[in-house]
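Beneath this line is the structure, given in structure tokens, with notes to follow.
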2 protein chains.
Amino acid sequence: MAKAPTVYDVAERAHVSIATVSRVLRSPDAVRETTRDRVMEAVRYLGYVPSGNARALAARRTNVIGLFFPGHDDLDISAALSQSAGAEVPIVVDDGSLVQETENLYFDEVLRGAEIEAWRRGFALMVAAGRGASREALVNDIAGRVDGLAVLARTVSDELLAHVARRIPVVVLAGSERDDGFDHVSASNGPGMRALAGHVLGAHGVRDVVYIAGPEDSPDDAERLDGFRAALHEAGIVESDVPVYRGDFTRERGRAIGERILAYHTPRAVVCSNDQTALGVLDVLEARGIRVPDDVLVTGFDGITAGRHSRPTLTTVHQPMVELGRAAVHAITARLDDPTLAAQSLTLPVQVVLRASCP
Amino acid sequence: MAKAPTVYDVAERAHVSIATVSRVLRSPDAVRETTRDRVMEAVRYLGYVPSGNARALAARRTNVIGLFFPGHDDLDISAALSQSAGAEVPIVVDDGSLVQETENLYFDEVLRGAEIEAWRRGFALMVAAGRGASREALVNDIAGRVDGLAVLARTVSDELLAHVARRIPVVVLAGSERDDGFDHVSASNGPGMRALAGHVLGAHGVRDVVYIAGPEDSPDDAERLDGFRAALHEAGIVESDVPVYRGDFTRERGRAIGERILAYHTPRAVVCSNDQTALGVLDVLEARGIRVPDDVLVTGFDGITAGRHSRPTLTTVHQPMVELGRAAVHAITARLDDPTLAAQSLTLPVQVVLRASCP
DNA sequence: GTGAAAGCGCTAACAC
DNA sequence: GTGTTAGCGCTTTCAC
């Protein structure tokens, strides 16, 4: 790592100018073969790796796209790095307590989609998961390093987003469409929930139903609730007859609310605003020996993997998470190619997936 | 996005020099408050976001760490972006065929760990999942943009790695220790498998056992096999009495090999080199109505989430994937702080997790 | 086909 | 406390 070699070093060794070195790397065909070979030899000999920063600066384009998510909130951050190893391997019995609720599937899958699409278009991907107060600083920092930025809705103040958007294209992931001038990519939350609830109320003819919503500030959640209400309306059920509980998208909260619901009355169906919540409800139902789907129908939303493995398996609405990531990157590159484009708002289709909890 | 403002623009508007603008951003306390306010006002007014590239170039440090993994191989890359949305939400029944085997848990978790640690140390993370031929070009490219690079073992040629390592610290993830001068972070594969196999052969007194290995070129796999052999030795079992099948870490292959094994004879235990393979074996066993663990014991390795949800749940050796990611970043930053450090080789502890498939 | 030279936007001495 | 001035390592006209 003794002072990385530069174009100058390579040029000197190959007896050419730095311009020629640059050409060999950017457009090899514009250089005579013998010259090219000499340059490449020097590159190898010196262990030359071009500076991406210098390049980006000169070319006024980084070829990097940024992705910002809210962090895996501080929970495990404090834990010190475990050390040692040795031969003594502990043997433990998994009684269920080992389960770390790291079902951050949403993040993972969107990221994967973004990575795939970025790669296809010749961009690198820079990810940041910000937490706490430094979040805004992080976003600002990353914004200075990329050609475009995808941000999960509601994780950053509109003010900062607007600030950043003056420099690079910004696309907002998930959430509802807003006429804020940003590009927007989301899934069909409302229609999805409406179709699912329609199935519950229609195919099963349920009328005694309860709804568990997500956190107040989630636009996704708001759309789902709207979809649910639309389904109620279609089924001729009076909205005020249906209790709506306010959850927070976690399994734990799902359990708590499940308990509360059952303490009072056992409904024929529990429709949840996301899968985690639904899984929590299933936990409670199972603990009480209440049969699903025989006694109670349960549904979720998202399509996380855990729902395929739960007992019983979970009926849900599947969001195309990988596609969301891809679409976000696509939106950014499209705008990069043509900055005059009007703000796009893409809504990706979802799919109701029927499983055992509500066949 | 009309030409992003620069320090010069801010300086002009705030009636100060560009140095002062830089100071306000880097070390605010070194500037008089009134000046600072004027500068910040200009920053906001102009929508100024500092160029990370220019900054990195001048400061000779990017504050970015790179992470390279082999790609989600081309499988889904071709798929066009789905369009439209509308109200017609399809309703499908999940009969199991919907399962996309995207259990890329290893990648996801390591990434999460890296992300957490990078953030703590003030670095951003750049990820690249390379595929196909352009892999090496990608690695080279990313190497030019970061202060340090973590690479999964066996995904890049040693030659390129050496080339890149002349510019920045490189840490190799997983795989065996090699005296190649790179920093190295891995899990305790050998001892882990040895402890697990010791449990199978010891606690269960099994002698009629079969082993399913992974791909030939996986160093992790080689260590596990060594650990298995050590356990055989300890149990006084002759190595040549135990069949070893060569798998490829996929569930599908696990099924195929499972079929082959059963066609001939039903062993008391099947020890697999990873979880996916073991899940494949469980599939076959279940299909044939062979009881686990009553008739056959099955074990895996890795500790992926799917193993917690399988029927029966899977006994395995849990690798600390998140910790691996953290350790990798830690190793890089340590070397950045002190480049004279000798090459480190960290081996993280693993844990045998007993579940239903081999209690 | 190749070289000379002017930036790209910022940081970091070094003066004042 | 603030301004001046070199670079940082590359790309990119524009000559030759």
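Keep in mind that the numbers below use all heavy atoms, side chains included, and drop hydrogens, waters and symmetry copies. All chains are named by letter (A, B, ...) in the order of the sequence lines, taking the proteins before the strands, and each is independently numbered beginning at 1.
- One atom, CZ of A:R32, and another, P of C:dG1, lie 8 Å apart when rounded to the nearest Å.
- Atom pair B:N140:CG and D:dC10:P shows a separation of 12 Å (rounding to whole Å applied).
- When the nearest nucleotides of DNA chain D are assigned to B:D29 and A:A59 by heavy-atom distance, the more 5′-ward of the two goes with B:D29.
- Under 3.5 Å, the side chain of B:Y8 and the base of C:dC8 form no donor-acceptor pair of N or O atoms.
- Between A:T35 and C:dT2, a side-chain N or O to OP1/OP2 separation shorter than 4.0 Å is present.
- Taking atom CG on B:L25 and atom C1' on C:dC10, their separation rounds to 11 Å, with Å as the unit.
- Residue-environment remark: CD (A:E12) stays at or below the threshold of 12 foreign heavy atoms within 6.0 Å.
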* To do: Test A:L138 against A:F68 for side-chain contact (heavy atoms from CB on, under 4.5 Å), laying out the working first.
  => CA-CA 9 Å; A:L138 219 199; A:F68 184 84; 3.9 Å; yes

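- Between A:T20 and C:dT2, a side-chain N or O to OP1/OP2 separation shorter than 4.0 Å is absent.
- Of all nucleotides listed (C:dG9, D:dG9, D:dT2), D:dG9 comes nearest to the side chain of A:K3.
- Each of A:P50 and B:A30 has a nearest nucleotide on DNA chain D; the 5'-most of these lies closest to B:A30.
- Taking only side-chain nitrogens and oxygens, B:S17 comes nearer than 4.0 Å to OP1 or OP2 of D:dG3.
- With hydrogens and angles ignored, the 3.5 Å screen pairs no side-chain donor or acceptor of A:H184 with any backbone N or O of A:L173.
- For the pair B:E12 CD and D:dT2 C1', the computed distance is 18 Å after rounding to whole Å.
- Ranked by how close their nearest DNA chain C nucleotide is to the 5' end, B:A19 and A:R38 are led by A:R38.
- Nucleic acid contact for B:V16: sugar-phosphate only, since backbone atoms but no base atoms lie under 4.0 Å from a heavy atom of the residue.
- Taking atom CG on B:L57 and atom C1' on D:dC10, their separation rounds to 8 Å, with Å as the unit.
- Checking side-chain atoms of A:D337 against main-chain N and O of A:A334 turns up no donor-acceptor pair under 3.5 Å.
- The shortest side-chain heavy-atom distance between A:P50 and B:N140 falls under the 4.5 Å cut-off.
- For C:dG3, the base has a donor-acceptor partner in the side chain of A:R23 [N/O atoms by modelled type, under 3.5 angstrom].
- In this structure, A:S22 reaches the bases: a heavy-atom distance under 4.0 Å links it to at least one base atom across the strands shown.
- Here the P atom of nucleotide C:dG9 and the CD1 atom of A:I168 are 15 Å apart, to the nearest Å.
- Here D:dC8 presents its P atom at 21 Å from CZ of B:R145, a figure rounded to the nearest Å.
- Regarding A:I18, its CD1 atom lies at a distance of 11 Å from the P atom of C:dG3, rounded to whole Å.
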